[in-house]
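To start, the structure itself, in structure tokens.
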Amino acid sequence: MSRRVALTMTVVVAAFGLTACGGGGDRWCEHDATDKRVSDSHCEKNEPGYEWESDGGGKTKKKKKSRH
């Protein structure tokens, strides 16, 4: 039974490590109304009016509709 617990803990620790490093540090918390960076604690607590933002590897372009 202790092997199962050890394996479960290993999987949990690995999962948290992957999610923590997944953004590569290119993520921050912003206040929605002002788009200003704020303390990450607001987003970590899931407070209304705050959301995680990221660079996303560049700006997204809107697709133009082609006319046929």
Side-chain angles (χ1 to χ4, degrees):
M1 182 84 117
S2 63
R3 272 190 174 172
R4 182 177 286 176
V5 172
L7 179 61
T8 302
M9 291 302 293
T10 303
V11 170
V12 169
V13 169
F16 279 118
L18 289 174
T19 57
C21 297
D26 296 335
R27 182 172 93 142
W28 59 90
C29 186
E30 281 188 0
H31 185 255
D32 288 339
T34 61
D35 288 329
K36 291 187 179 181
R37 287 189 184 192
V38 296
S39 170
D40 288 351
S41 64
H42 296 289
C43 291
E44 290 168 353
K45 295 176 188 174
N46 293 320
E47 292 181 14
Y50 296 90
E51 65 181 7
W52 289 110
E53 293 290 334
S54 66
D55 185 18
K59 295 180 180 179
T60 58
K61 296 179 181 177
K62 292 183 179 180
K63 293 183 179 179
K64 294 181 180 178
K65 293 183 180 180
S66 61
R67 295 183 181 174
H68 294 272

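One-based numbering along the sequence shown.
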In short, Trp28 meets Ser54 closest at the heavy-atom pair CH2-C, 3.7 Å
Side-chain donor-acceptor pairs under 3.5 Å in residues 38-49, sequence neighbours left out?
unit_1	atom_1	unit_2	atom_2	d
Ser39	OG	Ser41	N	3.3
Ser39	OG	Ser41	OG	3.0
His42	ND1	Glu47	OE1	2.9

The remaining residues in the hydrophobic cluster of Trp52, counting side-chain heavy-atom contacts under 4.5 Å among Ile, Leu, Val, Met, Phe, Trp and Tyr, are none
Here the gap from Glu53 atom CD to Arg27 atom CZ, rounded to the nearest 0.5 Å, amounts to 11.0 Å
